[in-house]
Novice: 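Below you will find the structure I want to go over with you.
Naming: A, B, ... by sequence-line order, numbering from 1 per chain.
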Number of protein chains: 2
Amino acid sequence: MKKYIKTLKKCRLFEAVDDESLLRMLTCFGAKVEIFDKKYTIFAEGSPAKYIGIVLSGSVQIIQLDYYGNRSILSEVRPPEMFAEAFACTETPSLPVSVIADEPSEIMLIDSTHILHTCQNHCGFHQQLIYNLMKDLAAKTILFHQRIEITSKRSTREKLLAYLLMQSKKQNSASFEIPFDRQELADYLEVDRSGLSAEIGKLKKEGLLDCRKNHFVLL
Amino acid sequence: MKKYIKTLKKCRLFEAVDDESLLRMLTCFGAKVEIFDKKYTIFAEGSPAKYIGIVLSGSVQIIQLDYYGNRSILSEVRPPEMFAEAFACTETPSLPVSVIADEPSEIMLIDSTHILHTCQNHCGFHQQLIYNLMKDLAAKTILFHQRIEITSKRSTREKLLAYLLMQSKKQNSASFEIPFDRQELADYLEVDRSGLSAEIGKLKKEGLLDCRKNHFVLL
DNA sequence: GAAAGTCTGTTGAATTTTCAACAAAAAGGA
DNA sequence: TCCTTTTTGTTGAAAATTCAACAGACTTTC
């Protein structure tokens, strides 16, 4: 487990936890690390929410598939972020999303029962973990608000611009990479892929934008 | 404050807190109750997130307004639910949403600093409040997922049906009231109002649906 | 390095949504 | 009760999105 310490310490879940305590916790929680190939389904929609996942390397996507197979990408999760924590914390009997490895990834899985229910009063760090989870969930809520601000726009053009502006702001540069290919971006913005490609083309022609693959520059 | 105890005890924030401690906390937190008229802006977008709000009576809406004045309704909050807790917990400098009274409402405002930062170790109930906040935020996250599941549908018809099915499920009956008028429903589903009215008309004609004002019956 | 597979941009046609405008119905105020 | 205001359903025209299909560019695999 030691080789993961550096990443884990950056994870919000373990904020203000020292190395030694962290290692002890991992043992106590029965934390395990699994490796998933690209496109592998880590959690399937409908399965019970038992584990909190932490991305140690690689990246995963949180997606919803509707009845017709249309995909919505809710978010992309990278090290040292966690996922499925909201479902684990409410002990949801059936996950409403799937989690897919976007590339070969090392994932730490922690049975949430250990965090929520055990040593409620004995372990001093237990309180810290609850606090950290609370902070993390609040931050995730804000991310949802941002996504809704983007997807609530009515046109492909507005969604795209809102997304790119937000990425630019987040990465503090007019020149930045996005974590999606065209189809994925369409599934995140909830628009048609071909319409999205057309819109990117228009913006280029209008001189508002330059892009090569995943690299965008706002002009 | 005593007259609010009954409602407050049902609020997730005060889960597992006894009456006496609750009253003491309210004093210690400097909690205040304010009354807002219908349509009054309780929190304006852009203002700092200082307070957690609890709806004691009436109801409020969480909304986003874009550059052109288009409204998105993110949620409707009723007693004994709270609002703005995610922003308060992250101490967001600028609220990305507005909170509007949907009818005359009594709102309890609690300065979040008291919950997040004081008596971290002295007050036994402090830990309970953090735990309760964590549970609440997890539950809110799941509500967001549900909203996204609805609004990610591509057509007005599908959004409407998904929303009505979810309401029906939530209220455990094929016959139910919704908290929105037509314009509000459109702003929640992120569709055009006239198109929504037309779609409701179609569904009625097809015999899938019956409705009078806010009362719907799925057939 | 060749072949197979995937991703991207383009197209045009069909379908939907949006927008503005209006009248009837309902709600609220005097 | 009457008058005013708000809400709702309808309409038709304009605009945008979706869909299917395809070819070229790019990747991956063997």
Novice: Which residues pass the side chain to side chain contact (heavy atoms under 4.5 Å, CB included) test with T141(A), not counting sequence neighbours?
Specialist: H145(A), A86(B), L137(B), T141(B), F144(B)
Novice: So among K159(A), R147(A), R71(A), which one has a side chain to side chain donor-acceptor pair (under 3.5 Å) with E190(A)?
Specialist: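 Only one of K159(A), R147(A), R71(A) forms a side chain to side chain donor-acceptor pair (under 3.5 Å) with E190(A), namely R147(A).
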Novice: Restricting to ring-ring contact (aromatic ring centres under 6.0 Å, His included), what partner residues turn up for F83(B), sequence neighbours left out?
Specialist: F43(B)
Novice: How close or far is atom P of dT8(C) from atom NZ of K204(A), stated in whole angstroms?
Specialist: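 Taking atom P of dT8(C) as the reference, NZ of K204(A) is at 11 Å.
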Novice: Does anything in residues 173-186 of chain B form a side chain to side chain donor-acceptor pair (under 3.5 Å)? List the pairs, not counting sequence neighbours.
Specialist: Q61(B)-E184(B), S175(B)-H215(B), E177(B)-H215(B), Q183(B)-D187(B)
Novice: Output all residues satisfying side chain to side chain contact (heavy atoms under 4.5 Å, CB included) with Q146(B), sequence neighbours left out; order by chain, then residue number.
Specialist: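 Residues passing side chain to side chain contact (heavy atoms under 4.5 Å, CB included) with Q146(B): I142(B), L143(B), M166(B), K170(B).
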Novice: Sugar-phosphate means primed atoms, P, OP1 and OP2; the rest is base. With that split, encode nucleotides 15-30 of chain D 5' to 3' as B, S or - using protein heavy atoms under 4.0 Å.
Specialist: --SBBBB-----S---
Novice: In residues 175-186 of chain B, which residues come under 4.0 Å of DNA chain D by heavy atom?
Specialist: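 Nucleic-acid contacts, sorted: D181(B), R182(B), Q183(B).
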Novice: Hydrogens and angles aside, do S59(B) and E103(B) bring a side-chain donor and acceptor to less than 3.5 Å of each other?
Specialist: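 Judged by distance alone, the side chains do pair up.
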Novice: Should E91(A) and K135(B) count as an ion pair when the cut-off is N to O under 4.0 Å?
Specialist: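 Answer for the salt bridge query: yes.
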Novice: May I have the distance from D187(A) (atom CG) to dT8(C) (atom C1'), rounded to whole angstrom?
Specialist: 15 Å
Novice: Tell me the interatomic distance from K159(B), atom NZ, to dT16(C), atom C1', rounded to whole angstroms.
Specialist: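 Atom NZ in K159(B) sits about 12 Å away from atom C1' in dT16(C).
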Novice: Between E206(B) and R157(B) (salt bridge meaning N to carboxylate O under 4.0 Å), is one present in this structure?
Specialist: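 Salt bridge: yes.
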